[in-house]
> 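Take this structure first; my questions come after.
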2 protein chains.
Amino acid sequence: MTSEKTLKQFNLRITKIRIAVLDALSASPAALSYSVLQDALSAFDRTTLYRTLLTLTDHGLIHKAYEENGESYYARCFGCTGQDHHHEHLHLKCSSCGGVECLEISEELKLNLAQLPFEEINISAKGPCSSCAIQGG
Amino acid sequence: MTSEKTLKQFNLRITKIRIAVLDALSASPAALSYSVLQDALSAFDRTTLYRTLLTLTDHGLIHKAYEENGESYYARCFGCTGQDHHHEHLHLKCSSCGGVECLEISEELKLNLAQLPFEEINISAKGPCSSCAIQGG
DNA sequence: CTGTTTATGCAACATTGTTGCATTTTTAGT
DNA sequence: ACTAAAAATGCAACAATGTTGCATAAACAG
């Protein structure tokens, strides 16, 4: 699914920055921070990027995965609606390289979490990410 | 344990703002945001509050529980060292009143999480908090 | 009580995020 | 392809969080 088609599907106007943001987030396995997006999309105005992120979030194409050090991190949504976000993975913040990895969680843990009476559950962890664990020994 | 004694125990100088911050966080079951702390401690300079929060965090007396809407929320630490934080509870952000509640998690879930090879794990959830659930029916 | 160490307050600054408004772009209808 | 309406963009201004340097004030060891 191209970003243009995704926008059309959600009845959103097709603009350059929206395509660029969706492309960037689709290409990245991890969530991207606002400042990284801004650097990558420096051709566009700061305000426009903020409003683009808001629009895409409101319509459920992306979501704010988490905040860290006063910065928001965004990721593509797959199988979410604007109201209801189901991200049954774990955000692993690497204690070595600082990168963020999205990991699948075990079926057992999913079942455990599903029993909790909450609308939305997020798990984050700190530890060595897959690439740093290999290099570090 | 009074806040003064806690500071002495950690070899930190006893100052008014440190006592005030520890008192405020000790009295609150939920984490407090920077702005709430600032309002409560308006007699002190903004910068001093920031540095106090940093110092207390670095020495493991408090921790940054989470961030939301560009604001950090702080809570007292019990049984943590500066390096290693063990908060085996769940932060429940109430979808009704917006307050944050710290909930204990089941032993089963604790065991599940303990098997994961990570240094630190945090769980957050959205849903009605205990008081709103009662009132809401 | 005195000297040293450390914390505080102040000013200035960087960054994230928001709002209002004029201009441009997108899109639907012809 | 052209036009008009609707919406998105860029710009300026602003508010808030968080940081840094430095002079002054407070804490503590002796």
Side-chain angles (χ1 to χ4, degrees), chain A residues 2-24 31-59 61-75 82 98 100, chain B residues 2-25 31-59 61-75 82 98:
Chain A
T2 68
S3 298
E4 290 199 24
K5 283 189 180 174
T6 306
L7 287 168
K8 230 168 212 166
Q9 188 180 296
F10 280 81
N11 283 317
L12 290 174
R13 293 199 172 187
I14 294 162
T15 69
K16 287 174 193 170
I17 191 169
R18 287 178 184 172
I19 293 170
V21 167
L22 283 179
D23 283 351
L32 296 179
S33 68
Y34 158 74
S35 61
V36 164
L37 285 169
Q38 206 207 279
D39 286 353
L41 307 173
S42 55
F44 301 97
D45 188 75
R46 223 163 55 79
T47 314
T48 307
L49 176 54
Y50 276 113
R51 282 196 271 233
T52 301
L53 291 169
L54 271 178
T55 303
L56 296 180
T57 300
D58 285 349
H59 289 80
L61 284 77
I62 67 174
H63 71 285
K64 190 191 275 194
Y66 59 99
E67 292 181 44
E68 191 166 271
N69 295 123
E71 231 186 334
S72 297
Y73 286 68
Y74 296 88
V100 175
Chain B
T2 68
S3 297
E4 290 199 23
K5 282 189 180 175
T6 306
L7 287 168
K8 229 168 210 165
Q9 189 182 295
F10 280 82
N11 284 316
L12 290 174
R13 292 197 174 188
I14 294 161
T15 68
K16 287 176 193 169
I17 192 169
R18 288 179 185 173
I19 294 171
V21 168
L22 283 178
D23 283 351
L25 293 184
L32 297 179
S33 69
Y34 158 75
S35 63
V36 164
L37 285 169
Q38 205 206 282
D39 286 353
L41 307 173
S42 54
F44 302 96
D45 187 76
R46 223 163 54 80
T47 314
T48 306
L49 176 54
Y50 276 112
R51 282 196 270 234
T52 301
L53 292 170
L54 271 179
T55 303
L56 297 180
T57 300
D58 286 348
H59 290 79
L61 285 78
I62 68 174
H63 71 285
K64 190 190 277 192
Y66 60 99
E67 292 181 44
E68 191 166 271
N69 295 123
E71 231 187 335
S72 297
Y73 286 69
Y74 296 88

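Just so it is clear: chains get the letters A, B, ... in the order the sequence lines come, proteins before strands, and each one is counted from 1.
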> If you take atom types as modelled and just measure distance, does the side chain of B/Arg46 reach the base of D/dG18 with a donor-acceptor pair under 3.5 Å?
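Present.
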> Quantify the bending of the helix from C/dC1-D/dG30 to C/dT30-D/dA1 as the angle between its end axes, each fitted on five pairs, to 10°.
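Here the helix ends are tilted 40° relative to one another.
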> List the steps and the verdict of side-chain contact (heavy atoms from CB on, under 4.5 Å) for A/Leu12 and A/Leu61.
CA-CA 10 Å; A/Leu12 290 174; A/Leu61 284 77; 3.9 Å; yes
> To the nearest Å, give me how far apart CD (A/Glu71) and P (D/dT17) are.
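The distance from CD of A/Glu71 to P of D/dT17 comes to 17 Å, rounded to the nearest Å.
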> Any chance you could list the contact pattern along nucleotides 1-9 of chain C? Use B for base contacts, S for sugar-phosphate-only contacts and - for none, protein heavy atoms under 4.0 Å, 5' to 3'.
----BBSBB
> What's the CD1-C1' distance between A/Ile14 and D/dA7, to the nearest Å?
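To the nearest whole Å, that distance equals 14 Å.
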> Taking only residues two or more places apart in sequence or in another chain, which ones pass side chain to side chain contact (heavy atoms under 4.5 Å, CB included) with B/Leu54?
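Counting only residues at least two positions away or on another chain, B/Leu54 forms no side chain to side chain contact (heavy atoms under 4.5 Å, CB included).
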> Hey, can you pull the donor-acceptor pairs under 3.5 Å for the side chains in residues 41-53 of chain A, sequence neighbours left out?
{"residue": "A/Asp45", "atom": "OD2", "partner": "A/Thr47", "partner atom": "N", "Å": "2.9"}
{"residue": "A/Asp45", "atom": "OD2", "partner": "A/Thr47", "partner atom": "OG1", "Å": "3.0"}
{"residue": "A/Thr52", "atom": "OG1", "partner": "A/Thr48", "partner atom": "O", "Å": "2.6"}

> Round to the nearest Å and state the distance from A/Glu68 atom CD to C/dT15 atom C1'.
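Interatomic distance, CD of A/Glu68 to C1' of C/dT15: 16 Å.
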> Expressed as a whole number of angstroms, how long is the span from A/Glu67:CD to D/dT17:P?
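To the nearest whole Å, that distance equals 13 Å.
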> Sequence neighbours left out, what passes side chain to side chain donor-acceptor pair (under 3.5 Å) with B/Glu4? Give chain and number order.
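For B/Glu4 there are no side chain to side chain donor-acceptor pair (under 3.5 Å) partners, ignoring immediate neighbours.
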> Within the 4.5 Å heavy-atom criterion, are A/Tyr74 and A/Val21 side-chain neighbours or not?
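The answer is no, as the side chains (C-beta and beyond) never meet within the 4.5 Å cut-off.
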> Roughly how many Å is it from CG in A/Leu49 to C1' in D/dA8, rounded to a whole number?
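The distance from CG of A/Leu49 to C1' of D/dA8 comes to 14 Å, rounded to the nearest Å.
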> The criterion is side chain to side chain donor-acceptor pair (under 3.5 Å); which residues satisfy it with A/Ser33, sequence neighbours excluded?
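Once residues adjacent in sequence are excluded, the partners of A/Ser33 under the side chain to side chain donor-acceptor pair (under 3.5 Å) criterion are A/Ser35, A/Glu71.
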> Applying salt bridge (Lys or Arg N to Asp or Glu O under 4.0 Å), name anything that partners A/Lys64, two or more places apart in sequence or on another chain.
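Partners of A/Lys64 under the salt bridge (Lys or Arg N to Asp or Glu O under 4.0 Å) test: A/Glu67.
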> Can a side chain N or O of B/Tyr50 be found less than 4.0 Å away from OP1 or OP2 on D/dT19?
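Result: no.
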> Please identify each residue that fulfils side chain to side chain donor-acceptor pair (under 3.5 Å) with A/Tyr34, with sequence neighbours left out.
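Counting only residues at least two positions away or on another chain, A/Tyr34 forms a side chain to side chain donor-acceptor pair (under 3.5 Å) with A/Gln38.
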> Mind calculating the distance between CG (A/Leu7) and P (C/dT27) to the nearest angstrom?
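Spelled out: CG on A/Leu7 to P on C/dT27 is 9 Å.
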> Side-chain contact, heavy-atom cut-off 4.5 Å: A/Leu7 with A/Thr15?
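No - every pair of side-chain heavy atoms lies 4.5 Å or more apart.
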> Short of 4.0 Å, heavy atom to strand atom, which residues of residues 31-40 of chain B count as contacting DNA chain D?
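The stretch gives B/Tyr34, B/Ser35 as the residues lying under 4.0 Å from the strand, ordered by number.
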> Is there a side-chain contact between B/Arg18 and B/Ile14 (heavy atoms, below 4.5 Å)?
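No. Closest side-chain heavy atoms not under 4.5 Å.
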> Using the test side chain to side chain donor-acceptor pair (under 3.5 Å), find all partners of A/Tyr73 that sit at least two apart in sequence or belong to another chain.
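Side chain to side chain donor-acceptor pair (under 3.5 Å) check on A/Tyr73 returns nothing, list empty.
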> Please report the distance, rounded to the nearest Å, between CG in A/Leu41 and C1' in D/dT9.
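Result: 14 Å.
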